[in-house]
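Chain A is the first sequence line, chain B the second, and so forth, proteins listed ahead of strands; every chain is numbered from 1. Quick caveat, the model's predicted, so the values are computed rather than measured.
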Amino acid sequence: MSEYLAIIIFLFVGIGLVLFTFFLSRLIRPANPYPEKTQNYECAEPPIGSSWIQFNNRFYIFALIFVIFDVEAIFLFPWAVAFGQLGLYALVEMMIFIFILLFGLFYAWKKGVLKWV
Amino acid sequence: MEIAGIFKYLYEKLASTGLSQAWVDIISYSVAALIVFGFLAVVALFLVWWERKISAHIQQRFGPMRTGWHGWLQTIVDMLKLIQKEDITPATADRPVFYWAPIVAFVAAFMAYVTIPFGAGLIVSDLNIGILYIIAITTFTIISLLMAGWGSNNKYALLGGMRSAAQVVSYEVPMVLAILSVVLFAGSLSMVQIVESQAKIYQWYIFRLPFGPIAFIIYLIAGTAESNRTPFDLPEAEQELVAGFNVEYSGMKFAMFFFAEFVNMFTIAAIGTTLFLGGWQGPWLPSWVWFMLKTLALVFVLMWFRWTFPRLRVDQLMEFSWKFLLPVSFANLIIAGWMKYSKWFNW
């Protein structure tokens with residue numbers, strides 16, 4: 001278990017070091033905010049409305065396709081590691097698995113989902 | 001000269017002081033984390049200067065020349081300036097999200113170095129899930145970009161953040177599949193074992209025809225896209241989005257994004273070296289010198305891309321990934337599986 005300890009320690013040391021540099025710069029930097037300065041940047045014009053808007057649902061569709069293929073990739077990892085001991089049966093079975101998903105990709109392609117407009 | 005011996009000596013000194021094993025581990029890992037941080041800071045400062053010099057020479061300019069020999073002090077001076085700059089948070093921003101975005105960006109880039117082998121024995125912790133862990137942890141960069149885009153409450157920043165999320169997500173799958181074909185041959189996820197499976201130069205995965213070079217090229221393209229660099233730098237396209245997700249950032253927070261970007265580029269090159277170019281293996285020179293030489297050569301290739309290729313359009317970018325890279329990388333994986341099964345390589 002002790003090799004995984006390094007991950008936790010790197011997490012805390014990383015956060016700590018960044019917070020430390022923020023603190024260090026806070027000690028020496030000026031701080032003089034006023035309304036004009038803290039306004040959002042929009043090409044030197046006063047910003048119009050909030051930018052927290054509904055965005056194109058294209059992003060959502062790509063995220064969905066990504067989830068499918070990323071989960072597939074996670075399934076492929078144990079297969080790839082153990083492949084040396086598994087032989088032809090595993091190769092054929094994984095090819096069937098990949099082809100079913102590729103069929104899904106081509107379906108999405110023909111439906112025009114992969115087109116970015 | 002091998003550096004690993006020094007660390008081993010120090011670790012044994014620490015262990016002989018009579019502390020309990022848990023404390024010895026905690027102290028040694030913390031020291032390792034600080035050393036890695038220092039190393040990355042030096043590397044990032046050097047890479048920023050190097051990128052400026054390379055871009056200048058490609059465009060027949062000189063680049064920074066005034067501070068130090070050929071301007072090598074330039075980035076250090078820049079950093080000293082950035083640390084004194086006022087840190088402005090927009091009044092309408094989502095403050096905690098805005099504050100934590102650069103921290104997440106840096107920590108995600110930094111944590112990958114837990115299991116990157118810098119040389120024979122020079123690895124913080126040889127995790128048995130090595131490469132899977134690195135893929136998982138570097139993907140957190142997307143979250144930081146989204147946090148920066150959303151938290152700034154700025155239209156350019158939001159557009160840049162959304163675009164980069166879509167882009168990184170699209171190129172993640174071909175990249176993972178390219179890495180998988182190497183894992184298939186190495187039969188292990190551990191970075192050290194992957195390097196050890198390429199002891200001779202003809203065993204390097206880049207030279208294992210036909211699947212190796214294809215996987216390497218897919219990895220390099222996807223890696224360029226993952227680190228948001230030209231020709232895939234739409235998230236921060238200066239001409240249309242001013243700077244993308246980091247428009248509203250200033251001072252140290254901006255510096256952290258910049259730092260994380262260069263650390264990410266170094267990570268991409270380091271993983272490419274480990275997986276395809278034989279890692280630290282090489283004759284005559286110490287192992288860490290070979291690792292650095294190969295990694296910096298790959299970094300140079302990434303910089304060369306940046307100053308040679310024009311930027312893609314956003315629809316070209318997405319369709320290239322889903323309609324070309326993804327099918328090719330699946331086909332490549334099946335070819336690699338067949339080669340492994342039929343014992344194509346007898347070495």
Asker: Quick one: which of B:Val173, B:Val104, B:Ile137 has the most heavy-atom pairs under 4.5 Å with chain A, could you say?
Answerer: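 Result: the option with the highest number of such pairs is B:Val173.
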Asker: Answer with side chain, backbone, both or neither: which region of A:Leu88 has an atom nearer than 4.5 Å to a non-hydrogen atom of chain B?
Answerer: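 Both the backbone and the side chain of A:Leu88 come within 4.5 Å of chain B.
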Asker: What part of A:Ile74 gets closer than 4.5 Å to chain B, counting heavy atoms only: side chain, backbone, both or neither?
Answerer: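 For A:Ile74, side-chain heavy atoms alone lie under 4.5 Å from chain B.
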Asker: From A:Phe10 CZ over to B:Thr115 OG1, what is the distance, rounded to the nearest 0.5 angstrom?
Answerer: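 Between atom CZ of A:Phe10 and atom OG1 of B:Thr115 there are 10.0 Å.
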Asker: Which residues from residues 177-185 of chain B are near chain A, with near meaning under 4.5 Å between non-hydrogen atoms?
Answerer: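 So the qualifying residues are B:Leu177, B:Leu180, B:Val183, B:Leu184.
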Asker: Using non-hydrogen atoms only, which part of A:Ile98 is less than 4.5 Å away from chain B: side chain, backbone, both, or neither?
Answerer: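 The side chain, not the backbone.
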Asker: Contact part of A:Leu19 toward chain B, heavy-atom cut-off under 4.5 Å: side chain, backbone, both or neither?
Answerer: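 Only the side chain of A:Leu19 comes within 4.5 Å of chain B.
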Asker: With rounding to the nearest 0.5 Å, note down the distance linking CZ in A:Phe59 to CE in B:Met318.
Answerer: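 Rounded to the nearest 0.5 Å, the CZ-CE separation comes to 7.5 Å.
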Asker: Let me check something: any side-chain donor-acceptor pairs from residues 26-40 of chain B under 3.5 Å, sequence neighbours excluded? List them with distances.
Answerer:
residue, atom, partner, partner atom, Å
B:Ser28, OG, B:Val24, O, 2.8
B:Ser28, OG, B:Asp25, O, 3.1
B:Tyr29, OH, A:Ser2, O, 3.4
B:Ser30, OG, B:Ile26, O, 2.7

Asker: For B:Phe106, which atoms come within 4.5 Å of any heavy atom of chain A: side chain, backbone, both, or neither?
Answerer: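 Contact with chain A: side chain only.
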Asker: Check whether B:Trp338 gets within reach of chain A through its side chain, its backbone, both or neither, counting any heavy atom under 4.5 Å.
Answerer: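 The answer is both parts of B:Trp338.
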Asker: With a 4.5 angstrom heavy-atom cut-off, could you sort out which part of B:Phe110 is near chain A: side chain, backbone, both or neither?
Answerer: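 Backbone plus side chain of B:Phe110, per the 4.5 Å heavy-atom cut-off to chain A.
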Asker: Quick check on the interface: out of B:Met256, B:Met162, B:Lys340, who has the most heavy-atom pairs with chain A under 4.5 Å?
Answerer: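 Top option by heavy-atom pairs under 4.5 Å: B:Met162.
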Asker: Less than 4.5 Å to any heavy atom of chain B: does that hold for the side chain of A:Leu86, its backbone, both, or neither?
Answerer: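 For A:Leu86, neither part sits under 4.5 Å from chain B.
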Asker: Tell me, for A:Gln85 versus chain B, whether the close heavy atoms (under 4.5 Å) come from the side chain, the backbone, both or neither.
Answerer: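 Contact with chain B: none, neither part.
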Asker: Report all side-chain donor-acceptor pairs from residues 126-135 of chain B shorter than 3.5 Å, counting only partners two or more places apart or in another chain.
Answerer:
residue, atom, partner, partner atom, Å
B:Asp126, OD1, B:Ser190, OG, 2.9
B:Asp126, OD2, B:Ser190, OG, 3.4
B:Asn128, OD1, A:Tyr4, OH, 2.6
B:Tyr133, OH, B:Met111, O, 2.9

Asker: Would you list the pairs meeting salt bridge (charged side-chain N to carboxylate O under 4.0 Å, His left out) in which at least one residue belongs to residues 92-101 of chain A, sequence neighbours left out?
Answerer: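 Non-adjacent pairs meeting salt bridge (charged side-chain N to carboxylate O under 4.0 Å, His left out): zero.
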Asker: Counting only heavy atoms not in B:Phe140, do more than 12 fall under 6.0 Å of its CZ?
Answerer: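 Result for CZ/B:Phe140: open.
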